[in-house]
Engineer: 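One structure coming up, written as structure tokens, with questions to follow.
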Amino acid sequence: MPGLLRAAGYKVVTHLERYGNVDGIGDPTIIADCGKANTVLLTADGDLETTWAAEILAAKLAVVILTNNGDGAVKWAARLAQGQSDIIEHLRMYKRPCSIRFGRNAKVSKVRLYGPRRAKVIVII
């Protein structure tokens, strides 16, 4: 998938490139590292946006969450390439920290904004 995303114009840093063959890097560490590097985290872990909300807020991170993980890398890479402008538009529209749900239709379907009191969810129709 990294090669397909790079070909579509994405700048990609894989888990292997960042951490090598080290196993067991926890989500809080990955979130903090992506925040420090000012990168966007791409994941298929739908629970990440709520389970690690405090860490996302602290890291001032933007997360793009795929709506499922069952369709395979080739299909998701094509969708991410097709929906790149929609993702970028929403990343520019909403200040970090935020999470963006990206669907099978190659569109952003939901945005979650994190704040000191609570998160705000914006459903995109």
Engineer: For the hydrophobic clusters of this structure (ILVMFWY residues joined by side-chain heavy atoms under 4.5 Å, transitively), does one cluster hold both L41 and L57?
Structural biologist: yes
Engineer: If every non-hydrogen atom of A59 is compared with every non-hydrogen atom of A32, which pair is closest and at what distance?
Structural biologist: CB-CA, 4.3 Å
Engineer: For D33, is there an ion pair with R18 - N to carboxylate O distance below 4.0 angstrom?
Structural biologist: no
Engineer: Heavy-atom distance under 4.5 Å between the side chains of T67 and F102, does that happen here?
Structural biologist: no
Engineer: Taking N69 for its side chain and A44 for its backbone only, find out whether a donor-acceptor pair lies under 3.5 Å.
Structural biologist: no
Engineer: Can I25 be reached from W52 by stepping across I, L, V, M, F, W or Y side chains whose heavy atoms are under 4.5 Å apart?
Structural biologist: yes
Engineer: To the nearest 0.5 Å, what is the distance between CG (D45) and CG (L42)?
Structural biologist: 11.5 Å
Engineer: State the CD-SG distance between E49 and C98, to the nearest 0.5 angstrom.
Structural biologist: 10.5 Å
Engineer: Kindly indicate, with the supporting measurements, whether the criterion side chain to side chain contact (heavy atoms under 4.5 Å, CB included) is fulfilled by Q84 and I87.
Structural biologist: CA-CA 5 Å; Q84 184 175 21; I87 292 170; 5.7 Å; no
Engineer: Kindly assign one of parallel, tilted or perpendicular to the pair Y94 and H90, based on the angle between their ring planes and the thresholds 30° and 60°.
Structural biologist: parallel
Engineer: Please report the interatomic distance CG(D86) to CE(M93), rounded to the nearest 0.5 Å.
Structural biologist: 8.0 Å
Engineer: Answer yes or no: is there a side-chain heavy-atom contact under 4.5 Å between T14 and P2?
Structural biologist: yes
Engineer: Would you find a donor on one side and an acceptor on the other, under 3.5 Å apart, between the side chain of T51 and the backbone of D47?
Structural biologist: yes
Engineer: Any sub-3.5 Å donor-acceptor pair from W76's side-chain atoms to N68's backbone N or O?
Structural biologist: yes
Engineer: Just by distance, do the side chain of R112 and the backbone of P97 share a donor-acceptor pair under 3.5 Å?
Structural biologist: no
Engineer: Check whether the side chains of S99 and Y114 place a donor and an acceptor atom closer than 3.5 Å, and report yes or no.
Structural biologist: yes
Engineer: Does any non-hydrogen side-chain atom of L80 lie less than 4.5 Å from one of L4?
Structural biologist: no
Engineer: Please evaluate residues D27 and E55 with respect to the criterion side chain to side chain contact (heavy atoms under 4.5 Å, CB included), reporting the C-alpha separation (whole Å), side-chain torsions for both, the decisive distance (0.1 Å), and the verdict.
Structural biologist: CA-CA 9 Å; D27 288 341; E55 288 77 3; over 6 Å; no
Engineer: Measuring from atom CD1 of I31 to atom NZ of K60, what distance do you get when rounded to the nearest 0.5 angstrom?
Structural biologist: 15.5 Å
Engineer: Any chain of hydrophobic side-chain contacts (each under 4.5 Å) joining L91 to L5?
Structural biologist: yes
Engineer: Determine, step by step, whether H15 and I30 satisfy the side chain to side chain contact (heavy atoms under 4.5 Å, CB included) criterion, reporting the C-alpha distance in whole Å, the side-chain angles of both residues, the deciding distance to 0.1 Å, and the verdict.
Structural biologist: CA-CA 9 Å; H15 189 279; I30 294 168; 3.9 Å; yes
Engineer: To the closest 0.5 Å, what do you measure between CZ (R79) and CG (N105)?
Structural biologist: 9.0 Å
Engineer: Regarding N38 and R96, is there a side-chain donor-to-acceptor distance under 3.5 Å anywhere?
Structural biologist: yes
Engineer: Please confirm whether the backbone N or O of V12 pairs with a side-chain atom of R6, one donor and one acceptor, at under 3.5 Å?
Structural biologist: yes
Engineer: Among the clusters formed by ILVMFWY side chains lying less than 4.5 Å apart, do I100 and V63 turn up in the same one?
Structural biologist: no
Engineer: Do Y19 and L61 belong together in a cluster built from hydrophobic side chains that touch within less than 4.5 Å?
Structural biologist: yes
Engineer: For K110, I'd like to know if atom NZ has over 12 heavy atoms of other residues, nucleotides or ligands within 6.0 Å.
Structural biologist: yes
Engineer: Can you tell if the side chain of I122 reaches within under 4.5 Å of the side chain of L113, non-hydrogen atoms only?
Structural biologist: yes
